[in-house]
Amino acid sequence: MEAKEKVGRYEFVAEPFHVDFTGRLTMGVLGNHLLNCAGFHAADRGFGIAVLNENHYTWVLSRLAVEMDEMPKAYEKFSIETWVENVYRLFTDRNFAILNAEGNPIGYARSVWAMISMETRKPADLFLLHGNEITGYVCTDKPCPIEKAGRVKVNQTQPVAEYHTRYSDIDLNGHVNSIKYIEHILDLFPLEMFREKTLHRFEVAYAAESHYGDTLEFYREQKSENEYDIEVRKNGTETAIRSKVIFF
């Protein structure tokens, strides 16, 4: 199989209702675009959610790391390339390149996905998917020059914010949408931070699902001038996600 068949490329425009007060695309919207591209790419190659759902399986996002040198401005065209870097028995690595209108990279992303049973919520064996056909789409010769998501440890004992999940947080699977966490985490920072600095890197690792009515507590620890670690706990006990935010 040719490399070009392994890489999907999808075109976008930074719509004015998708940018923030600086006129740049928001990380939440970019995150949704990345997840959509993953869905398009998988569906085009026979292992999308619709096919999985027929057999009571679905994809879940486990980790995401996005690193941007600049965000597209309002009305600017940009594109996203995506490809599968590795397939393991219980999860797969998927990468992305974000390209400006001229086709030059302005950012990259790395993600880890698991296929789970919709009935048991436990991971399923990816090598059994269509007779191991998914491994034929692994692309090892396209670089993704950013680091994988690292380990996050927050020692703070007092939350900086508390949030009760609402209707608009809940997705098709009945739990809090993965991108909603990104938006809630960025809301922890004052507007001046985004006026004076640029969001350079965002990491998130999902540990447990949250549902409608859960109480989320946000713990934040500053690691350096521009780097913050965040842990989100649900209902006072269980860790839901861990995140790292880096500005420049």
Side-chain angles (χ1 to χ4, degrees), residues 8 10 12-22 24-43 48-49 58-68 71-72 78-80 82 91-98 106-116 146 148-149 152 161 163-189 194 199-214 216-218 220 228-234 239-247:
Y10 307 93
F12 297 93
V13 174
E15 305 286 358
F17 48 88
H18 285 161
V19 303
D20 64 10
F21 73 100
T22 70
R24 299 275 184 175
L25 195 73
T26 68
M27 183 62 75
V29 169
L30 177 61
N32 273 321
H33 286 332
L34 295 176
L35 268 56
N36 281 334
C37 288
F40 298 152
H41 184 263
I49 287 225
T58 190
W59 289 110
V60 293
L61 180 63
S62 175
R63 284 175 172 264
L64 178 67
V66 184
E67 192 168 305
M68 301 295 294
M71 280 287 196
F78 65 99
S79 58
I80 296 176
T82 185
F91 64 93
T92 180
D93 294 329
R94 174 181 287 281
N95 299 335
F96 305 85
I98 301 92
I106 55 175
Y108 292 90
R110 289 183 174 273
S111 63
V112 179
W113 298 76
M115 184 176 68
I116 67 169
I146 68 169
K148 294 182 178 181
V152 169
Y163 179 80
H164 300 281
T165 58
R166 299 172 170 85
Y167 155 77
S168 61
D169 296 306
I170 308 305
D171 66 12
L172 183 65
N173 293 317
H175 53 67
V176 175
N177 180 278
S178 54
I179 302 303
K180 283 291 184 177
Y181 286 111
I182 296 177
E183 297 173 348
H184 294 324
I185 286 171
L186 294 179
D187 282 342
L188 299 175
F189 298 92
F194 299 96
L199 179 58
H200 175 54
R201 182 177 171 93
F202 191 99
E203 300 178 14
V204 60
Y206 300 92
E209 297 175 345
S210 298
H211 301 87
Y212 177 81
D214 282 347
L216 303 181
E217 292 180 331
F218 295 78
R220 182 181 64 193
Y228 299 82
D229 283 356
I230 292 104
E231 182 177 343
V232 182
R233 300 174 195 162
K234 68 171 186 174
T239 297
I241 70 163
R242 293 182 177 89
S243 178
K244 182 181 290 291
V245 181
I246 301 176
F247 295 88

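Everything numeric here is computed off the predicted structure, so don't read it as measured data. Both backbone and side-chain heavy atoms feed into the values below; hydrogens, waters and symmetry mates do not. Sequence positions, counted from 1, serve as the residue numbers for this chain.
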Query raised in the report: Taking C-beta and beyond as the side chain, do Asn36 and Tyr10 meet within less than 4.5 Å on heavy atoms?
Result: no
Requested in this report: May I have the step-by-step check of side-chain contact (heavy atoms from CB on, under 4.5 Å) for Asp171 and Val176, ending in yes or no?
Outcome: CA-CA 6 Å; Asp171 66 12; Val176 175; over 6 Å; no
**Report entry** Leu35 vs Trp113 side-chain heavy atoms within contact, under 4.5 Å
**Finding:** yes
Query raised in the report: Among Thr26, Val19, Leu30, whose side chain to side chain contact (heavy atoms under 4.5 Å, CB included) with Met71 holds?
Result: Leu30
Query - Short side-chain to backbone donor-acceptor contact, His200 and Met68, under 3.5 Å - result: yes
Query raised in the report: Would you call Leu216 and Tyr181 a side-chain contact if the rule is heavy atoms closer than 4.5 Å?
Result: yes
Query - Pairwise side-chain contact, Asp169 with Tyr163, heavy-atom cut-off 4.5 Å (strictly under) - result: yes
Query raised in the report: Do the side chains of Arg201 and Ile146 get nearer than 4.5 Å, heavy atoms only?
Result: yes
Query raised in the report: How long is the span from the CD1 atom in Ile80 to the CZ atom in Phe12, to the nearest 0.5 Å?
Result: 4.5 Å
Query raised in the report: Which value, rounded to the nearest 0.5 Å, describes the distance between Asn177 atom CG and Ile179 atom CD1?
Result: 6.0 Å
Query raised in the report: Does Thr82 reach the main-chain N or O of Asn95 with its side chain, forming a donor-acceptor pair under 3.5 Å?
Result: yes
Requested in this report: For Arg233, enumerate each residue passing the salt bridge (Lys or Arg N to Asp or Glu O under 4.0 Å) test, keeping only those at least two apart in sequence or located in another chain.
Outcome: Glu231
Query raised in the report: Are any non-hydrogen side-chain atoms of Val60 and Tyr206 less than 4.5 angstrom apart?
Result: no
Query raised in the report: Would you call the rings of His211 and His175 parallel, tilted or perpendicular if under 30° counts as parallel and over 60° as perpendicular?
Result: perpendicular
